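Worksheet for the structure shown next.
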Amino acid sequence: MAVAGDGRVIRIGGATASFSDTALSVPQLLAGGRLDYLIFDYLAEGSMGIFGRMQAADPAAGYGTDFLTVHVGPYLHEIAAQGLKVVANAGGVNSAGLAAALERMIAEAGLSLTVAFVDGDDLRPRLEELRAAGHRDMFTGAAFPDNIISANAYLGAFPIAAALGKGADIVVTGRVVDSAVVLGPLVHEFGWGRDDLDLLAAGTLAGHLLECGAQVSGGTFTDWRDVPDWANIGFPIGECHADGSVVITKPEGTGGLVSIGTVAEQLLYEVSDPADYIVADVRCDFSDVKLEQIGKDRVRVTGARGRPPTDSYKVCVTFDGGWRSIAYQPIIGEDAAEKAARQAEALFARGRALLRARNLPDFTLTDMVMIGGEASFGAHGHQQGSRELICKLVVDHPDQQGAQIFAREQWAGISGMSVGTSINLATHVLPMTGTFLFLLDKQTVASRMTYAGVTQDVAVAAGTPITAGAPAGGAGPSVPADPGTVAVDLVRLAWARSGDKGHLFNVAVIARQPEYLPYLRAALTSAAVGEWYRHLGPDGEWPDGQAPRVDRYDVPGFHALNFVIRDALAGGINASTRLDPAAKGMAQMLLRFPVLVPAALAAELGGAASSAKGN
């Protein structure tokens, strides 16, 4: 159980949102953070496939090499001097390999830092067993794939806490829940137990806020004009308390912004149901979380609640899905969109003719995306008749040769097709990575920690079936339309943030003032939001009378709504051909959604902060 009366504050710095994040965060946090822990999030569904392919080419590889060369290796002396600890999921599919490489680097530097690694998440030795069990994709129902690249269960925080309890200075893991890199240190420092569910939920929330790096400290914020000095944006620091509360801040003298808006956007980022955010160690209810601005760039976060964890781990399998060719053709001049569409059709037809001539199968997918004409906005686009755009051409083929045939032939457009076709910006032939997600009984997965050459299993709570009832988000009032109302853009009333999860994406809408929420609720029905995104159908548009399924969740704690738009990413981040497969811009598409408000409020909003104008 938790230690009562612990008045310490544990300062945790979040240095990366991905394995390719900036090289500037670590020196900044070391110089101004006064940290106890430095954490790194390297992994996502897409990156597991990358690391799996790396290890297939070299069995000693499969981890984030930037951890050694960019983020931690160059700063080992400073990390040792400050006495802070490091936790990172940079191990990818080979956490033991990263730990060994790190130990060699530490020895060469003449330091005495100790390293532990967490594993047990890698399920590749069990593939035939898992396939025979008949697992289906939890979103699409697809059968278990062939040609597996990686297969990993999302482990929890307690193996990390066990490694820190042994005295490890640096803990590297494979696939753990993103927030576990923060929850693990808090479990260790404050003695939280598996039954301290509210505290585990609070620590998970702290981790969720910190693990995306600068996203919580002004990065990707709706009111981007309010965020100073992107070049030196401050990376987040969580001041974590034993009661589960956390204050989000950043190093003094850095750019960026920590406000209720920036924290609220990150809090709802990709959580689906905020009242039932499921991770390995706890089911979290964030719907009544309170955010309080307690100073410049300081926001206190309280009120997370927890329930017993489920009895299963989420598992991510990546597999070889063939080959993709991508070409980017600039088209300049009158009627650019019409010319681009005709040229794409002609090039796809020519590519198919060349495949037939070589007795190769047809393309499995062809698609054309126009970049520069607001095609991503569908019927809500403002730009018509663009005279310059980039035509993105995509073909998929089972064989590399088929993809390469198109990559070569598409160059013919510059001299044999549309006037105004310029030099191709880039052409890529890439292996395709598919993603398959399912749930697996926790008791069949060994969660392990290795320190000083000794490996120990770390027990996990048995959990309860995922079918256990979940509380619904608290509903708030809506206001009916009134003859005296005026339509204003949503951005005048709210902040918004979006992100992908497989074939679906999330859009969070947070009221700038509590009194705006009823107007937002009245306008943003599930049906209205689904119709707004209707152009994101499987074949470019949903059929007449249909629209994406949209689930709406109320978040009364900080006056917000969260939407889950399903089956709208056409294959997910690894397979989608769209301009925005990661759904980073989907909330931007909603900013001009019309919301009816009283005329007096509309007049008041006419003088709103300039940061909201022009978004």
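Keep in mind that this is a model prediction, so the values were computed, not measured. Values reported hereafter were calculated over all heavy atoms of this structure, with side chains retained and with hydrogens, waters and symmetry mates removed. Starting from 1, each residue takes its place in the sequence as its number.
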Could you go step by step and tell me if Phe51 and Tyr42 meet the ring pair (Phe, Tyr, Trp, His ring centres under 6.0 Å) rule? CA-CA 11 Å; Phe51 290 128; Tyr42 265 45; 7.3 Å; no
Would you indicate whether [X], at its atom [atom1], is surrounded by more than 12 heavy atoms from other residues, nucleotides or ligands within a distance under 6.0 Å?
X: Gln443; atom1: CD; answer: yes
X: Arg126; atom1: CZ; answer: yes
X: Glu338; atom1: CD; answer: no

Using the test salt bridge (Lys or Arg N to Asp or Glu O under 4.0 Å), find all partners of Lys314 that sit at least two apart in sequence or belong to another chain.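 In terms of salt bridge (Lys or Arg N to Asp or Glu O under 4.0 Å), with neighbours along the sequence ignored, Lys314 is linked to Glu45.
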Of the non-hydrogen atoms in Val529 and Leu524, which two are nearest, and what is the gap between them?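 That would be CG2-CD2, 3.9 Å.
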So, the side chain of [X] versus the backbone of [Y]: is there a donor-acceptor pair under 3.5 Å, distance only?
X: Gln266; Y: His208; answer: yes
X: His428; Y: Arg324; answer: no
X: Thr140; Y: Asp137; answer: no
X: Asp288; Y: Pro556; answer: no
X: Tyr533; Y: Met586; answer: yes

Distance flag, aromatic centroids of Phe348 and Phe406, threshold under 6.0 Å: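 Close enough - the centres of the two rings lie under 6.0 Å apart.
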With a 6.0 Å cut-off on the ring centroids, do Phe319 and Phe436 count as close?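 No.
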What is the ring orientation for [X] with [Y], classed by angle as parallel under 30°, tilted 30 to 60°, or perpendicular over 60°?
X: His135; Y: Phe144; answer: tilted
X: Phe286; Y: Tyr277; answer: tilted
X: Phe593; Y: Trp532; answer: tilted

Mind checking side-chain hydrogen bond (donor to acceptor under 3.5 Å, both in side chains) for Tyr269 and listing every partner two or more places apart, or none if nothing turns up?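 Partners of Tyr269 by the side-chain hydrogen bond (donor to acceptor under 3.5 Å, both in side chains) criterion, ordered by chain and then number, come out as Lys584.
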Output all residues satisfying side-chain hydrogen bond (donor to acceptor under 3.5 Å, both in side chains) with Arg136, sequence neighbours left out; order by chain, then residue number.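 Partners of Arg136 under the side-chain hydrogen bond (donor to acceptor under 3.5 Å, both in side chains) test: none.
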Hey, is [X] close enough to [Y] for a salt bridge, meaning N to O under 4.0 Å?
X: Arg283; Y: Asp285; result: no
X: Glu128; Y: Arg131; result: yes
X: Arg124; Y: Asp121; result: no
X: Lys442; Y: Asp311; result: no

Criterion side chain to side chain donor-acceptor pair (under 3.5 Å) on Thr433 and Arg53, from CA distance to verdict: CA-CA 10 Å; Thr433 301; Arg53 290 185 187 276; 3.3 Å; yes
Quickly, which of Asn152, Leu183, Leu155, Val279 forms a side-chain contact (heavy atoms from CB on, under 4.5 Å) with Val176? Name it, please.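 It is Leu155; the other options fail the test.
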